[in-house]
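As structure tokens, the structure follows; a few thoughts come after it.
Just so we're clear, the structure is a prediction, and the values are computed from it rather than from any experiment.
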There are 2 protein chains.
Amino acid sequence: MPRGPGVTREPLSRERVLRAAVALADTEGLDAVSMRRLADSLGVVPMALYKHVSDKDDLLDGMVAIVIGDIPVAGAGASRRWRAAVRETILGARTVVLAHPWARRAIETRTLRTPAVLGHMERLTQLFLGAGFSADLTHHVMHLLGNRIWGFSPELFNETPGKPEPVKRRTSGEPDPQDYPGIMLIAADARARRPDATGCDEDFEFDFALDVILDGIARLHRSKWDSTTRTVRD
Amino acid sequence: MPRGPGVTREPLSRERVLRAAVALADTEGLDAVSMRRLADSLGVVPMALYKHVSDKDDLLDGMVAIVIGDIPVAGAGASRRWRAAVRETILGARTVVLAHPWARRAIETRTLRTPAVLGHMERLTQLFLGAGFSADLTHHVMHLLGNRIWGFSPELFNETPGKPEPVKRRTSGEPDPQDYPGIMLIAADARARRPDATGCDEDFEFDFALDVILDGIARLHRSKWDSTTRTVRD
DNA sequence: TGACGTGGTGTACATCGTACGCCTACCGTC
DNA sequence: GACGGTAGGCGTACGATGTACACCACGTCA
């Protein structure tokens with residue numbers, strides 16, 4: 001589209017590029033975010049993007065940064081207990097990340113050295129340090145939380161809900177349910193508890209796991225755990 | 001390379017294809033596993049692979065299955081305590097998965113509906129059920145373990161060790177350490193404890209997290225936890 | 001006036017997954 | 001033996017992708 005004289009299109013910017021990428025991923029999925037389609041959506045030629053983004057990795061990092069930027073900073077009330085503040089921060093991250101279904105996969109594959117990512121980790125770290133956790137314990141506790149700081153636990157039995165399982169033909173053998181009585185048992189139990197639902201109750205699983213872990217953390221904190229002892233029991 | 005008359009090469013098979021793919025990933029990394037390069041490594045034309053593997057996804061699944069197949073089945077001594085058996089199984093998975101650096105990423109991106117994957121999950125499930133865990137608790141506990149059942153925790157601060165950080169030019173701003181005093185503090189603390197090491201002690205972090213989680217699980221089990229109460233405290 | 005930097009364009013290339021059709025070697029059956 | 005079927009490897013071809021490189025239009029400032 002040749003732009004006529006005087007018809008200046010508002011110029012690109014890193015911000016605009018990233019926002020467009022996020023929008024594209026939101027509506028068409030992460031795989032739809034190719035440099036060409038993104039450029040199309042901005043009415044621009046693919047190579048134009050490289051003036052604002054160093055490469056596709058950088059683009060992905062930027063998209064993740066935008067999402068993370070929406071995570072609310074936990075209420076700064078110094079009187080708050082660490083546990084409530086941590087819980088609130090993580091659940092805040094969860095609602096934001098869940099609002100962008102592609103974000104989970106994007107975060108999992110990033111190298112996580114960007115200011116936005118580090119900023120979120122820093123805030124969590126400070127919650128622990130501020131509550132009197134040793135640097136050592138804080139460190140291990142962050143690892144213990146792992147990706148849960150982003151508000152998601154690893155998928156496990158999950159299919160993406162609603163997708164009707166396109167029955168791909170695989171060369172390998174299909175699994176036979178009879179071979180997995182234990183899994184079938186717990187699946188049946190879960191169905192019995194939530195007859196209308198499909199798949200697992202991710203929200204409950206997340207809360208459950210988070211609480212178990214926070215309980216464990218609280219116990220370590222109370223017991224003045226120290227890594228030189230290299231044992232966890234309290 | 002035209003094969004002369006009578007010079008019959010040993011034929012391909014799904015097994016041979018998958019093993020070659022694993023070998024290729026082991027030596028050159030997961031990204032090197034393209035249909036073409038894999039075909040090359042087998043002295044065969046790319047499309048030949050599709051007679052043994054339905055598509056690349058299937059190939060990846062098969063590779064993961066091969067790795068998982070190496071996970072030792074925990075000693076069947078029925079007298080074993082569940083905790084020891086679970087721990088042994090998971091650590092067994094860990095050594096196997098760590099032997100193939102690409103496996104972590106491969107597992108994370110699979111949909112996990114293959115017999116090998118389900119088999120490992122079934123064995124773990126049985127350990128809990130066999131120890132008297134309710135189906136309900138077993139279910140949640142599997143979610144709680146998450147990817148840890150494969151022997152890895154999510155990376156967090158990690159760079160791949162040894163890689164000297166190629167200093168990629170990014171369009172975004174580089175993070176400034178001053179902005180992250182908490183992270184810097186725990187990093188300094190970790191360095192002080194292990195002056196020679198680079199990065200985190202993944203093995204320790206894994207053990208640490210696993211034990212906290214197993215402690216939590218044990219407590220729930222003892223307290224006859226039931227999801228209808230929807231609370232974790234004991 | 002002219003040099004220069006900023007930002008969008010156009011072309012080109014290597015690489016990827018894989019659809020489709022062919023050709024050959026082997027098999028069981030008559 | 002002749003013959004039809006099938007399994008397995010080959011060759012070609014297509015559309016997508018990320019991005020290197022050269023180019024050029026513009027505004028700014030000396």
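- Following rounding to the nearest Å, A/Asp58 (CG) and D/dT19 (P) show an atom-to-atom distance of 10 Å.
- A ring-centre distance under 6.0 Å is found for B/His140 and A/Phe204.
- Closest to the side chain of A/Met47, out of C/dT9, D/dC10, C/dT18, is C/dT9.
- A sub-4.0 Å separation between OP1 or OP2 of D/dT17 and a side-chain N or O of A/Ser34 is present.
- Atom C1' of nucleotide C/dC16 and atom CG of B/Asp40 are separated by 13 Å, given to the nearest angstrom.
- With C/dT18, D/dG18, D/dC10 as the candidates, the nucleotide lying closest to the side chain of A/Tyr50 is D/dG18.
- Atom-to-atom, CZ of B/Arg37 to P of C/dA14 comes out at 16 Å; the value is rounded to the nearest Å.
- The shortest heavy-atom contact between A/Tyr180 and B/Pro115 is OH-CA, 3.1 Å.
- In this structure, B/Lys56 reaches the C/dG17 phosphate: one of its side-chain N or O atoms is under 4.0 Å from OP1 or OP2.
- For B/Leu12 and B/Arg36, each mapped to the nucleotide of DNA chain D holding its nearest heavy atom, the one lying further toward the 5' end belongs to B/Leu12.
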Show, in sequence, the C-alpha distance, side-chain angles and deciding distance for B/Asp31 and B/Arg105, and conclude whether the salt bridge (Lys or Arg N to Asp or Glu O under 4.0 Å) test is met. CA-CA 11 Å; B/Asp31 291 332; B/Arg105 222 177 82 209; 2.9 Å; yes
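- Look at CG on B/Leu49: it is 14 Å from P on D/dG11, rounded to the nearest Å.
- One atom, CZ of A/Arg14, and another, C1' of C/dT6, lie 17 Å apart when rounded to the nearest Å.
- Checked against C/dG8, C/dG17, D/dT17, the side chain of B/Met35 finds its nearest nucleotide in C/dG17.
- Distance A/Lys51 NZ to D/dC24 P: 14 Å, rounded to the nearest Å.
- Taking 4.0 angstrom as the limit, B/His52 places none of its side-chain polar atoms (N or O) nearer than this to OP1 or OP2 of D/dA7.
- Considering every non-hydrogen atom in both A/Val96 and A/Pro72, the closest pair reads CG2-CD, 4.1 Å.
- Between the P atom of C/dC16 and the CG atom of B/Asp55 lies a distance of 17 Å, rounded to the nearest Å.
- Between the C1' atom of C/dG17 and the CG atom of B/Leu38 lies a distance of 13 Å, rounded to the nearest Å.
- Pairing each heavy atom of A/Val53 with each of A/Met35, the nearest pair is CG1-CE, 4.4 Å.
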